[in-house]
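Report on one structure; see the data block that follows.
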Amino acid sequence: MSEKVRVRFAPSPTGYLHIGGARTALFNWLYAKQSKGIFILRIEDTDRERSTDEYINAIVQGMKWLGLECDEGPFRQTDRFHIYKTYIKKLINEGKAYYCYCSPEELEENRKKAMKLGRALKYSGKCRDLKEPVTGIKPVVRFKMPRKGSTHVEDMVKGSVVFENEQLDDLIMQRSDGTPTYNLTVVVDDVDMGITHVIRGDDHLNNTPRQVQLYNALGYDVPKFAHLPMILGSDKSRLSKRHGATSVMAYCKMGYLPDALVNYLVRLGWSYGDQEVFSKDELIRYFSFDNVGKAAAVFNPEKLLWLNQQYIINSSNESLAERVLPFLMKDGTISEDRQVDMSWLAKAVSTLKERSKTLIEIAVSLRYYIAEDIEFDEKARKKFLNENSRDMLTELKDGMDGMDNFSEEEIEKLFKAIVAKHEVTLGKLAQPVRVALTGGTQSPGIFEVIDVIGKDKTIRRLEKAVNSI
RNA sequence: GGUCCCAUCGUCUAGUGGCCCAGGACGUCGGCCUCUCACGCCGAAAACACGGGUUCGAGUCCCGUUGGGAUCACCA
């Protein structure tokens with residue numbers, strides 16, 4: 001029998017969607033798509049202090065950008081408090097949970113003592129067998145964890161992991177203010193939503209035995225688990241803000257293609273032989289937990305940059321033109337209300353593709369194609385716009401002036417004729433022209449550049465260059 | 001500190017006992033191509049953490065050591 005696969009990504013909205021969360025979402029999504037299952041987004045916002053709607057939106061937006069849209073949800077745990085209540089009541093009635101009146105200060109005291117003695121930092125179980133309620137104190141509800149035996153977790157990536165139950169303590173399921181906590185809500189929701197596979201970061205591995213005991217107490221089957229290794233920063237510590245950009249949307253702003261980021265992320269911890277570049281379809285087809293590594297991976301921005309370039313090269317000119325447009329408007333190269341000739345822009349982009357690693361780089365280069373006026377790089381101007389090139393530039397301008405068929409082919413003929421006459425190599429003319437047209441010494445092939453800029457603007461810039469000598 | 005996880009080039013990884021004096025990719029270095037920069041192509045340096053076993057044979061299995069990570073909240 002094969003029940004339908006149902007997986008979930010369950011972030012807490014206490015921050016934007018970061019790289020690690022995105023990869024967890026991605027693996028869930030891949031597994032769901034591959035199994036023709038359901039991918040659910042569940043917002044774990046039971047910590048009302050730190051959760052905000054803004055972060056919920058940021059997470060949804062980030063997933064949308066990456067193309068990881070959910071089939072069900074987003075669900076919010078704060079909408080489901082009534083459900084958790086009934087489960088808590090049930091466990092209390094069955095003697096599987098109890099009220100605890102210990103104060104936070106008292107617990108902190110015990111933890112310190114345990115730390116000194118080198119013991120597990122574990123709740124003593126003081127209120128476990130209390131017969132009478134303590135008056136005047138709002139109690140928490142704790143789960144009665146078994147004290148003997150061991151709990152086995154079968155994990156799809158880590159294998160079989162065993163925990164001694166005496167290490168587990170009586171976790172709090174309900175705070176003194178009546179709200180439920182993570183370890184309960186995650187189990188109740190996974191049961192209630194019919195989750196078949198729990199795929200999450202391996203920072204949750206230590207929580208898993210507690211949750212397994214909760215499943216047992218509630219009388220439900222445990223789902224399959226897959227605990228993904230962490231993503232580390234360059235110093236091998238957990239990826240954090242001080243490692244630079246960790247928000248998924250930061251990569252959007254930096255001009256990365258979402259598919260490139262997805263491709264990069266999936267290869268962090270997963271592999272398929274020697275293949276590096278995958279289409280989404282290939283990822284869905286090839287993905288398997290058998291090929292997920294167990295060790296944490298260091299996030300490597302250089303490789304992501306390389307992949308992004310690969311994706312840019314392989315994108316169509318039209319889609320790239322479409323994607324680069326917002327960047328052009330943002331930096332003012334194109335005013336927002338201006339009508340844009342998209343087929344011209346696509347042609348311009350085609351010359352820039354293989355020399356750009358990000359959309360921003362394309363946008364920056366596009367400036368010398370689009371802007372009316374360009375500024376010369378001072379060093380370049382001195383080196384190439386001088387007496388040595390003056391005559392050739394003038395001849396080129398005049399030659400173009402009288403040109404009826406302004407094509408790359410004709411332009412090249414003109415160049416060849418001029419350099420032949422002056423008995424110099426092509427570079428001696430191409431570089432000065434490059435500086436005259438783009439302001440700098442690096443650009444696509446000079447004939448392409450002229451073709452994209454067009455006759456009138458090219459002549460105007462040559463004039464200006466000659467006049468500057 | 002207790003518990004749990006992990007360990008192949010700087011980084012991501014291939015490797016599931018003989019095909020491995022360890023393969024690919026990023027990055028680095030050198031070269032080719034060339035109107036510049038790129039792209040592309042060719043080449044180089046670069047790793048099985050250490051120590052014991054098991055086995056005819058170990059990167060691959062077992063144990064230990066070391067190192068890293070995670071977790072131990074009325075956070076998730």
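Below, chains carry the letters A, B, ... as their sequence lines are ordered, and counting in each starts from 1.
Closest to the side chain of Phe163(A), from the set C4(B), G69(B), A76(B), is C4(B). Residue Leu205(A) has its side chain nearest to C4(B) when only U71(B), C4(B), A76(B) are considered. Nearest to the side-chain atoms of Ser271(A) among the listed nucleotides A76(B), A14(B), A38(B) stands A14(B). Comparing atom distances between the Asp47(A) side chain and each of U13(B), A70(B), A76(B) picks out A76(B) as nearest. Closest to the Thr46(A) side chain, of the nucleotides C74(B), A76(B), U13(B), is A76(B). Listed nucleotides U3(B), C6(B), A76(B) differ in distance to Thr181(A); the shortest reach to its side chain belongs to A76(B). Here the nucleotide nearest the side chain of Gln167(A), chosen from U71(B), G2(B), C6(B), is G2(B).
When both distances must be under 3.5 Å, the Watson-Crick or G-U wobble mate of G2(B) is U71(B).
A donor atom on one side chain and an acceptor atom on the other are not found under 3.5 Å apart for Gln174(A) and Thr181(A). In summary, the side chains of Asn207(A) and Tyr182(A) do not present any donor paired with an acceptor at a separation below 3.5 Å, with no hydrogens or angles considered. For the residue pair Gln213(A)/Arg210(A), the side-chain donor-acceptor check at 3.5 Å is not satisfied. Between the side chains of Asn263(A) and Tyr311(A), at least one donor-acceptor pair of N or O atoms lies under 3.5 Å. Between the side chains of Ser150(A) and Asn165(A), not a single donor N or O lies within less than 3.5 Å of an accepting N or O. In this structure, a donor-acceptor pair under 3.5 Å is absent between the side chains of Tyr251(A) and Asn308(A).
Remark on RNA chain B: of its neighbouring residues Ser160(A) and Ser12(A), the 5'-side contact belongs to Ser160(A), judged by nearest-heavy-atom nucleotide.
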Can you pull every protein N or O that's under 3.5 Å from an N or O on nucleotides 32-35 of chain B?
from	atom 1	to	atom 2	distance (Å)
C35(B)	O2	Arg434(A)	NH2	2.3
C35(B)	N3	Ile446(A)	N	3.2

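Comparing A58(B) with G51(B), their P atoms sit 14 Å apart, to the nearest whole Å.
At a cut-off of 3.5 angstrom, counting only N and O atoms as typed in the model, there is a donor on one side and an acceptor on the other between the side-chain of Asn207(A) and the base of A76(B). Judged by atom type and distance alone, Arg355(A) does not reach the base of C39(B) through any side-chain donor-acceptor pair under 3.5 Å.
Across the protein-nucleic acid pair, Tyr264(A) atom OH and C12(B) atom C1' stand 6 Å apart, rounded to whole Å.
Taken to the nearest 0.5 Å, the OH atom of Tyr369(A) stands 6.5 Å off from the OG atom of Ser443(A).
Residues passing the side chain to side chain contact (heavy atoms under 4.5 Å, CB included) test with Asp79(A) are Arg76(A), sequence neighbours excluded. By the side-chain hydrogen bond (donor to acceptor under 3.5 Å, both in side chains) test, Lys421(A) is found to be paired with Glu395(A), residues two or more places apart in sequence or in another chain being considered. Partners of Tyr16(A) under the side-chain hydrogen bond (donor to acceptor under 3.5 Å, both in side chains) rule, at least two apart in sequence or in another chain, are Thr246(A).
For C6(B), neither phosphate oxygen OP1 nor OP2 lies less than 4.0 angstrom from any side-chain nitrogen or oxygen of Lys236(A).
Residues from residues 435-442 of chain A with heavy atoms under 4.0 angstrom of RNA chain B, sorted by number: Thr441(A), Gln442(A).
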Worksheet, complete the sentence: 5' to 3', nucleotides 21-31 of chain B under a 4.0 Å protein heavy-atom cut-off (B base, S sugar-phosphate only, - none) gives --BBBS-----
